[in-house]
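Worksheet: the structure to be examined is printed underneath.
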Amino acid sequence: MIPFNLPPRTGREDHHVLAAMNSTKISGDGEYGQKCQAWFEQQLGCHKTLLTPSCTQALEMAALLIDIQPGDEVIMPSYTFVSTANAFVLRGATIVFVDIRPDTMNINEELIEAAITSKTKAIVPVHYAGVACNMQVICDIAERLQLFVIEDAAQAVMSTLEGKRLGSFGHLAAFSFHETKNFSSGGEGGLLVINDERFAQRAEIIREKGTNRSQFFRGMVDKYTWVDRGSSYLPSELQAAYLWAQLEQANEITNNRLHSWSTYWQGLSDLAERGFITMPQVPDNCQHNAHMYYILLPNLERRTAVISQLKEQGVQSVFHYIPLHSAPAGQRYARAHGDLAVTNDTSDRLLRLPLWVGMEEVHRDVLRALRTALEAGH
Ligand SMILES: *Cc1c(COP(=O)(O)O)cnc(C)c1O
């Protein structure tokens, strides 16, 4: 079976993880942790970054930092992973879903303003497939109405909008290093990006169980004490070492994925022209990171058939997401603004194809199987 995903592996993970194991500090913020954070701070040109055990936890930290209170409203797309919502729900927020754009599957920036009420505290754009949301419009609305912007950039490491890295637009942003993402820290991991420096000091405290341990280690305070609310949001040094091996080859990983993405684009363009599928669209001002290659099929029945025909030919393909507003979780803690027609329609038709570093050897087989599956149903 050609898998849908293989975790990225550069070959240098063994070396760095072993080096971390042999060092005297294997808890969080050791040498590797600091190297990774400095790398991202330089890449993003941001004030501060903090590694976390997952993107979910980076989003949870964001919810704590903007001080979400019960009753606050947070605007986001329904077409996302459940953590985007849960991070805020855990602090008592009500989630308000706004529909997506049919071209990028990203939140429709033109529908946001009408969903804002006196209780709205934040907007959480999700850069689906590593393609940027319209951050100019979203940040303008937020500035004008004094809302926070938290980017869920889980899928968007290395992507840019107008040449500026995703993750550098919001007050805060979160990346994921889960094994299904472009870069992994050994299976699970994440990063909180702090663009608004007002949050920097408290973020360190919240991440260190509510203590001022980070400042203490830097010699900035002479007493290590309990100062605020907090939890444990540090990954171990072993995870950072694994991630470092991947950051050393960040461009190679991204270029390899982009090559696979283009192979799909070229290999499927005639099928798109003949109306069998709809291709993903990338706006001109976006450079994406080839996180995902998806196609849209005419309807749910066709998608189900194509998945099973691909499977018969030894190719694994997957769909996601059940829109949150139509799932039990969303019904407990959220409301929809408008009919979410695009979300309902496209989520039934979207199919994700295998995309992983080093898949060039099997690409032809995947394309052949897909062509067979699509033409079979026509
Ligand atoms: C993967 C993902 C997450 C969660 O990331 P974890 O690191 O697994 O917590 C959150 N949001 C989006 C959009 C994702 O794709």
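Each ligand, and each atom within it, is numbered from 1 in the order the structure gives. Source: prediction; values computed, not measured.
- Residue Y79 places every heavy atom at 4.0 Å or more from ligand 1.
- Of all atoms in ligand 1, listed by their number and element, those nearer than 4.0 Å to a heavy atom of S54 are 7 (O), 9 (O).
- Between F175 and F40, the ring-plane angle classifies as tilted under the 30° and 60° cut-offs.
- Counting heavy atoms under 4.0 Å from ligand 1, residue A154 touches it through the side chain alone.
- With salt bridges taken as basic N to acidic carboxylate O contacts below 4.0 Å, none links D196 and K48.
- Taking only non-hydrogen atoms, the option from E188, H178, Q155, M292 nearest to atom 15 (O) of ligand 1 is Q155.
- Looking only at atom types and distance, the side chain of T160 has no donor-acceptor partner in the side chain of K164 under 3.5 Å away.
- A heavy-atom separation below 4.0 Å is not found between Q57 and ligand 1.
- Aromatic rings of W261 and H288 (six-membered ring for Trp) have centroids within the 6.0 Å cut-off, being under it.
- Closest protein heavy atom to atom 7 (O) of ligand 1: S176 OG, 2.7 Å.
- Taking the six-membered ring for Trp, Y294 and Y128 have ring centres closer than 6.0 Å.
- Checking only distances, C55 does come within under 3.5 Å of ligand 1, N or O to N or O.
- Applying side-chain contact (heavy atoms from CB on, under 4.5 Å) to V131 and the options S159, P280, P283 leaves one that passes, P283.
- Nearest protein heavy-atom contact of atom 11 (N) of ligand 1 is D152 OD2, 2.8 Å.
- When only interatomic distances are considered, the shortest N/O to N/O separation between K181 and ligand 1 falls below 3.5 Å.
- Cluster membership check: I100 does not share its hydrophobic cluster with I116, using side-chain heavy-atom separations under 4.5 Å among Ile, Leu, Val, Met, Phe, Trp and Tyr.
- F81 CD2, 3.6 Å is the protein heavy atom nearest to atom 3 (C) of ligand 1.
- Here H320 contributes atom NE2 and S347 contributes atom OG; the two are 10.0 Å apart, rounded to the nearest 0.5 Å.
- Looking at T80 next to ligand 1, no N or O pair under 3.5 Å apart turns up.
- Under a 4.0 Å criterion applied to the non-hydrogen atoms of Y321, ligand 1 contributes the atoms 15 (O).
- Within the structure, the closest approach of G189 to ligand 1 falls below 4.0 Å when heavy atoms are considered.
- Residue-level proximity to ligand 1 for T56 is carried by backbone and side chain together, each with a heavy atom below 4.0 angstrom.
- Checked by atom type and distance alone, the side chain of E73 never pairs as donor or acceptor with a backbone atom of K119 at under 3.5 Å.
- The cationic atom of R274 (NZ for Lys, CZ for Arg) lies less than 6.0 Å from the six-membered ring centre of F276 and within 45° of the ring axis.
- Interface atoms of ligand 1 facing V126, defined by a heavy-atom separation under 4.0 Å, are 13 (C).
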